[in-house]
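Questions regarding the structure given below will be posed in turn.
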Amino acid sequence: MAFICRFAPSPTGPLHIGGVRTALFNWLLAKKNKGKFYLRIEDTDKERSKDEFKKQIIESLSWVGIKHDDKEFIQSKNINKHKEIAEELLKKGFAYKCYCSEEEIKEQKAKCKKQGIPYVYNRKWRDHKDLKIPKDIKPVIRFKSKTSGNTIIKDLVQGDINVSNSIIEDFVILRQDGSPTYQLSATVDDHSMKISHVIRGDDHKINTFKQKQIYEAMKWDIPQFAHIPLIHSEKGSKLSKRDKSSTIDDYVKIGVLPDALRNYLLRLGWAYKDKEIFSLDESIKLFDLNGVGKSPSKLDMSRILSLNEHYIKNMDEKILFGFLKKYAQNYKKSISSSKEETIIKSLNFLKNKAKTLDDIYQNSQYILNEDIKIAAEDIKLIDANSKKIIDEFLGEFKNMSSPNKEDLEKLVNSLINKHKTNFKGIGQPLRIALVGSRFGPGIYNVILSLTKDEVVKRISKIN
RNA sequence: GGUCCCAUCGUCUAACGGUUAGGACAGAUGGUUUUCAAUCAUCUAAUCGGGGUUCGAUUCCCCGUGGGACCGCCA
């Protein structure tokens, strides 16, 4: 059986990471089964659809490594086909024209609310018996839903979902202005794209019962459905577009790696035994719908960060630098090419102190910024005695033809002995002079990552 | 309010009738270290409540409670 999956977002707002995860699951399932994964932009809401969002969606997906097959489908381009199907449903008696005015519908809803009963369109025009067709109202087309019995959807994640048909109203398939609604467009497109598996958010569950009836009326094959639970914010509330850390960009700008976020999203609501780290290949091989949980999960930033830390530590330094360079370019100051080599060489110790690219960037400031500024509280830590010690260090250091760790260690140890101090007594003032802070990488790493002249210059400045 | 869905450490989850209920993140403590980190070791921490079914329930059933989704001429 062919696996043809799709992700069908509407470009009416930035794609949040819940959507990215839905796309990921679809993509994974398609890849696993050597099928297809399509991207369909559902832009039939002309008012709210924006090109910038479409761009953001495509960029977000490709950033985590999700590539769709073929060119993206643009739903609005298929509108005529949708209308044709609506006409066909009308002709075959599966749909009807409804001449209710907006006011009439509003009134009905108000009445229902007052009585505390759920609103379902009253199917007034379903059998238009002796109703007079009002001249001044353009009709909408509604689908004739089943009025009795039950429908069971066999959901690949949720199991059997049983709903009484009477609660599915005669939904609109063609608006007053003649444009198709989501229910129609999505169904027609899924059919014409030969979608075999529809994996989407839980919020679409009820739509399935409407769409299924269209498939049945048209005698089309019905795809398999899987509704995955939604992702909630850290606080447990619904993930809204206003939330910080809800779009991909929120993570990119703090320096999260694509693999880390992909891995995080994969494990959110899905598990494979005790495994936590999944390479791209492993996730394709191991992913399956059975492992998807049924309850919504909360976002956890510390976990994202810890995964990111893992990926940073295990990444080849040249590749990591590529990410860092781009990151600095986009969100900080570009790294000058004269510093590239030094940074790449230093990444092996820099990356051990970092959870994000931003951490690496901050920790490499002493390389990037030759003009280091020392915080007032740090400069206080260098007293007269430590000045004497590092001055002595400087004298010996100048004599080293090619500084290396062994010689530096020897020198430092001899100074420790001579001045009856400990490592901190010399390491701290040196670090402050060289890095501008009492926090930072190992002191030998710092010295060896800078040029000899630079070390001399910075230490001299202190005295 | 109606309909549907869900429920294991703080969080993500494993255990698909029999485990001292496991792992990871976070947290705590200690070792190491050259500061911050990192690292290593150890620890704390959960089956929502009540009934059944069963020799035995986290697991199956019912009720309650809690949470979520949907209830648009949005998608």
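Nothing here was measured: the structure is a model prediction, and the numbers come from that model. Below, chain A is the first sequence line, B the second, and so on; all start at residue 1.
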Just the table, please: protein N/O against nucleotides 6-9 of chain B N/O, every pair under 3.5 Å.
residue: B:C6; atom: OP1; partner: A:Lys294; partner atom: NZ; Å: 3.2

**Item:** OP1 or OP2 of B:U35 under 4.0 Å from side-chain N/O of A:Lys424
**Value:**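 For A:Lys424, the contact criterion (side-chain N or O under 4.0 Å from OP1 or OP2 of B:U35) is not met.
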**Prompt:** When all nucleic acid strands are considered with a 4.0 Å heavy-atom cut-off, which category describes A:Lys313: base, sugar-phosphate, or nothing?
**Reply:** sugar-phosphate
**Item:** Sugar-phosphate only, base, or nothing, as touched by A:Asn207 at under 4.0 Å among non-hydrogen atoms
**Value:**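 If one applies the 4.0 Å heavy-atom cut-off, A:Asn207 turns out to touch a base.
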**Request:** Scan A:Val172 against the nucleic acid and name what it touches under 4.0 Å (heavy atoms): base, sugar-phosphate only, or nothing.
**Result:** sugar-phosphate
**Item:** Complement of B:U34, any strand, by Watson-Crick or G-U distances under 3.5 angstrom
**Value:** none
**Request:** For RNA chain B, determine which residues of residues 224-231 of chain A have any heavy atom closer than 4.0 angstrom to one of its atoms, and list them numerically.
**Result:** A:Leu230
**side-chain hydrogen bond (donor to acceptor under 3.5 Å, both in side chains) partner of A:His227, chosen from A:Asn207, A:Asp202, A:Asp203, A:Asp155** =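 Filter result, single survivor: A:Asp155.
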**Item:** Counter-base of B:U3, judged by Watson-Crick or G-U geometry with both distances under 3.5 Å
**Value:**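 Across all strands, the one nucleotide that pairs with B:U3 is B:A69.
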**Complete:** The complete set of salt bridge (Lys or Arg N to Asp or Glu O under 4.0 Å) pairs with one or both residues in residues 431-446 of chain A, sequence neighbours excluded, reads A:Glu377-A:Arg438, A:Asp378-A:Arg438
**Request:** Using Watson-Crick or G-U wobble geometry with both distances below 3.5 Å, tell me the partner of B:A41, or none.
**Result:** B:U29
**Prompt:** Say you pick atom C1' in B:U58 and the same atom in B:A7; how far apart are they, in whole Å?
**Reply:** 11 Å
**Prompt:** Starting at the 5' end of RNA chain B and moving along, which residue's nearest nucleotide shows up first, A:Ile206 or A:Tyr444?
**Reply:** A:Tyr444
**Message:** Within the 4.0 Å heavy-atom criterion, would you say A:Glu47 contacts the bases, only the backbone, or no part of the nucleic acid?
**Reply:** nothing
**Request:** Look only at the side chain of A:Asn162 and the backbone of A:Ile152, and say whether a donor-acceptor pair between them is shorter than 3.5 Å.
**Result:**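 Flag not set: sc A:Asn162 to bb A:Ile152 has no pair under 3.5 Å.
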**Request:** Identify whether any heavy atom of A:Gly442 sits under 4.0 Å from a base atom; if not, whether one sits that close to sugar-phosphate; answer base, sugar-phosphate or nothing.
**Result:** base
**Item:** Verify stack between A:Phe439 ring and B:C36 base, 5.5 Å, 30 degrees
**Value:**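 The base of B:C36 is not stacked with A:Phe439 (the test needs centres under 5.5 Å and planes under 30°).
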**Prompt:** Should A:Lys205 be listed as having a side-chain N or O under 4.0 Å from OP1 or OP2 of B:U3?
**Reply:** no
**Prompt:** Would you say A:Thr44 reaches B:A75's phosphate, i.e. side-chain N/O to OP1/OP2 under 4.0 Å?
**Reply:** yes
**Asked** Heavy atoms under 4.0 Å, any strand shown: does A:Lys355 hit a base, just sugar-phosphate, or nothing?
**Response**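 Sugar-phosphate contact only.
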**With A:Asp170, the salt bridge (Lys or Arg N to Asp or Glu O under 4.0 Å) member among A:Lys210, A:Arg142, A:Arg126** =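 For A:Asp170, the salt bridge (Lys or Arg N to Asp or Glu O under 4.0 Å) test succeeds with only one of A:Lys210, A:Arg142, A:Arg126, which is A:Arg126.
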**Message:** Could you tell me the Watson-Crick or G-U partner of B:G64, where both distances fall under 3.5 Å? Say none if there is no partner.
**Reply:** B:C48
